[in-house]
There are 2 protein chains.
Amino acid sequence: MPNPSFDFFVEFASTYSYPAAMRIGPLAAAAGVAVRWRPFLLGPIFKAQGLATSPFDIYPVKGRYMWRDVERLCDDLGLAFHPPEPFPQPSLLAARVAHVGLLAEGWGEDFCRAVFHAEFAERRQIGEENVIRDLLAALGVAADDVLRVAQSDAVKAKLRADTEEAERCGVFGAPSFVTADGELFWGNDRLEQALAWASRGDSNSRSREAAIRNP
Amino acid sequence: MPNPSFDFFVEFASTYSYPAAMRIGPLAAAAGVAVRWRPFLLGPIFKAQGLATSPFDIYPVKGRYMWRDVERLCDDLGLAFHPPEPFPQPSLLAARVAHVGLLAEGWGEDFCRAVFHAEFAERRQIGEENVIRDLLAALGVAADDVLRVAQSDAVKAKLRADTEEAERCGVFGAPSFVTADGELFWGNDRLEQALAWASRGDSNSRSREAAIRNP
């Protein structure tokens with residue numbers, strides 16, 4: 001039997017993806033679950049549902065709650081949190097660069113965490129190339145090469161494919177976790193439950209039963 | 001200093017209100033927090049946001065996830081769960097009757113739990129008067145009297161007032177918890193956090209700081 005694993009669908013513009021990205025490493029290691037980071041874009045998925053932008057912008061009452069909720073969560077976790085301006089931030093460049101690091105090189109996950117920190121702790125503009133250059137430089141990565149590869153057809157196709165696969169898995173928000181047996185968990189507050197699901201041996205049979213009950 | 005307390009804004013049509021209603025009693029007792037049950041109606045609040053019905057119906061991808069998520073949660077809690085048909089169920093009558101029990105008599109909370117069980121475990125039609133009569137009878141309550149009071153102007157006004165107060169507190173979904181110092185927590189999965197907030201002594205000062213940071 002393979003080691004437990006799941007896909008971590010993460011979107012750099014997403015507020016709740018920030019605490020999830022900062023928490024997932026040690027929690028997954030403790031649970032013995034291998035995490036595959038899959039940066040994707042929520043924009044196309046929102047559009048397919050008829051949403052022109054973030055639901056937090058479309059429904060301001062919900063948006064106000066979200067800012068306070070994330071602030072409280074980060075407070076409890078000891079994470080700095082300062083809402084970026086504008087919100088949502090354009091996340092396309094960061095997502096492409098992350099895929100370069102995740103595909104072939106060892107700095108992918110560190111870069112993802114660096115993007116979230118820059119965006120939500122330091123209020124930097126993650127859509128700007130010079131910001132991404134700074135983050136890469138701090139990781140000791142040659143930014144020119146990476147930025148060229150990030151704009152290649154192969155990397156663009158990989159980001160598109162991951163976004164399409166997220167949609168096929170039923171993802172409609174971020175962060176989302178999808179286990180090997182196809183269970184979807186949505187939200188930073190479902191991270192522990194997703195890890196427990198992925199690491200328990202009977203998850204496959206439970207999932208089949210569920211599929212029978214909810215055809 | 002008064003005992004810690006919070007308001008529990010609960011909507012009988014809401015799926016996530018079901019596990020919250022079943023869990024809140026013992027958890028609140030253990031935390032030393034007094035809970036004021038406040039049945040309210042989400043319909044007017046959704047309408048004010050431009051939503052004609054439940055967001056789970058408007059966004060089917062989110063709806064599909066919700067059914068599976070609630071099923072998993074209830075599974076973990078050992079609660080029977082069978083989605084009602086139709087969804088959402090009309091909750092006006094149950095909410096009015098609950099207010100009768102909560103205002104003047106001792107059976108309000110038991111009735112709330114009985115409604116949720118009938119709706120989500122037994123798939124009964126909670127909008128039908130004969131179903132509500134059955135639930136009252138099982139509690140040893142004289143249904144004729146209660147149903148007459150439930151349709152009185154005073155009870156109608158109380159339900160309207162609680163719905164309006166929920167809206168003033170920023171409530172946009174159910175269940176929601178509002179502490180004495182005005183902190184709003186949304187969702188069954190925030191119940192523990194809301195109890196911790198209500199029972200910790202420094203909550204007032206923390207809230208004032210938050211208000212200063214997020215004017």
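Below, chains carry the letters A, B, ... as their sequence lines are ordered, and counting in each starts from 1. Please read these numbers as outputs of a predicted model, since none were measured by experiment.
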How far does CD of Q193(A) sit from CG of D189(B), to the nearest 0.5 angstrom? 9.5 Å
What's the separation between atom CD in E183(B) and atom CZ in R68(A), rounded to the nearest 0.5 Å? 4.0 Å
Quick one: what part of I58(A) sits under 4.5 Å from any heavy atom of chain B, side chain, backbone, both or neither? neither
Quiz item: cation-pi between R72(A) and F185(B), 6.0 Å / 45°: yes
Exercise: identify the closest heavy-atom pair between F172(B) and K62(A): CE1-CG, 3.5 Å
Note: vs chain B, highest number of non-hydrogen pairs under 4.5 angstrom among V61(A), L73(A), L184(A) is L184(A)
Is atom CG of N130(A) surrounded by more than 12 heavy atoms (other residues, nucleotides or ligands) closer than 6.0 Å? yes
Taking atom NZ as the centre, does K156(B) end up with more than 12 heavy-atom neighbours from other residues, nucleotides or ligands that are less than 6.0 angstrom away? yes
Backbone of W186(B) reached by a side-chain donor or acceptor of Y65(A) within 3.5 Å: yes
